[in-house]
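Since the structure is predicted, the reported quantities are computational estimates derived from the model, not experimental observations.
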Amino acid sequence: MEFFRDRPTAHTNLAKLLQVHHRRAAKPQEVEHHYREAVRIFADYGTGLYNLATWLQTQGPPSSPAQGVAIGSTAGTAAPAQWFGEVSALYRRAIVTQPSLKESYHNLAALLLNRHAEVTPGEGARMLSEAKQLLNFALRQFPNYDRIKFLIPAVDEAWRNLQSELRLNPLA
């Protein structure tokens, strides 16, 4: 690994390999470490940003201080709001640095959709609005990407439900 130490793609590939073997041998902290290392080496590495965000999203927000003991990891100490902030920021950076990563649009919109009910109605409305904008933009850019098409109705339904809730309880 010495030769590849400063190559972000080497860390990304190693993290993917460890991720495949995660259930059998690898520790989640090792996977996260290599994704973080790829982004540390090349901060504008869109694929690396996307992979780190996706890994953190699949691991979910921290539930105990025992999680995420890897060097540089925030998983064990970050509150769910900090976890959400980090994951969403990584997806946003991935979109800016590599706009062709259609999965980044989908995953960020899904993250916003899933989080909107855990915040104030005003913040939830902002998240759903952003999710809708991301999906509409992605649909124009990638018209054959079905995952985008399937997520739009869920965001629309969440938006209608939030509007109904605000009509029933305007002080919420």
Non-hydrogen atoms of Leu151 and Ala109 that approach each other most closely = CD2-CB, 3.9 Å
Got Val87 and Thr54 here, is their nearest side-chain heavy-atom distance under 4.5 Å?
-> no
Say whether, by atom type as modelled, one donor and one acceptor occur between the side chain of Lys102 and the main chain of Arg147 under 3.5 angstrom.
-> no
CD1/Ile148 to CG/Leu134 distance, rounded to the nearest 0.5 angstrom?
-> 8.5 Å
Have Gln141 and Tyr105 got a donor and an acceptor in their side chains that come within less than 3.5 Å?
-> no
If you measure only the distance, is there a donor-acceptor pair under 3.5 Å linking the side chains of Ser164 and Arg160?
-> no
Smallest separation among heavy atoms of Leu162 and Gly124, with atom names = CD2-C, 3.9 Å
Side-chain heavy atoms of Thr120 within contact of Glu123, under 4.5 Å = yes
So Leu135 and Lys149, side chain to side chain contact (heavy atoms under 4.5 Å, CB included) or not? Walk me through it.
-> CA-CA 8 Å; Leu135 294 173; Lys149 295 175 187 176; over 6 Å; no
Can you tell me how far OG of Ser104 sits from CZ of Arg92, rounded to the nearest 0.5 angstrom?
-> 12.0 Å
Trp83 side chain to Gly60 backbone, donor-acceptor under 3.5 Å | yes
Side chains of Leu101 and Ile95 in contact at under 4.5 Å (non-hydrogen atoms) | no
Can you measure from CG (Leu166) to CG (Asn161) and round to the nearest 0.5 angstrom?
-> 11.0 Å
Nearest heavy-atom pair of Pro121 and Glu165: which atoms, and what distance?
-> CG-OE2, 4.2 Å
Gap separating the CD1 atom of Ile152 from the CD atom of Glu157, nearest 0.5 angstrom | 14.5 Å
Would you check if the side chain of Ser129 reaches a backbone N or O of Ala125 as a donor-acceptor pair within less than 3.5 Å?
-> no
For Leu128 and Val155, the nearest pair of non-hydrogen atoms, with its separation, is O-CG1, 3.9 Å
So do the side chains of Tyr91 and Val96 get within less than 4.5 Å of each other, counting heavy atoms only?
-> no
For residues Tyr145 and His106, determine if any side-chain heavy atom of one lies less than 4.5 Å from a side-chain heavy atom of the other.
-> yes
Below 4.5 Å, heavy atoms only, C-beta onward: do Thr97 and Tyr45 meet side chain to side chain?
-> no
Side chain proximity check, Leu56 to Arg36, heavy atoms < 4.5 angstrom | yes
How long is the gap from OH on Tyr50 to CD on Glu103, to the nearest 0.5 Å?
-> 5.0 Å
What is the minimum heavy-atom distance between Gly46 and Ala94, and which atoms define it?
-> O-CB, 3.7 Å
Are any non-hydrogen side-chain atoms of Lys132 and Asp156 less than 4.5 angstrom apart?
-> yes
CE-CG distance between Met127 and Asn114, expressed to the nearest 0.5 angstrom = 11.0 Å
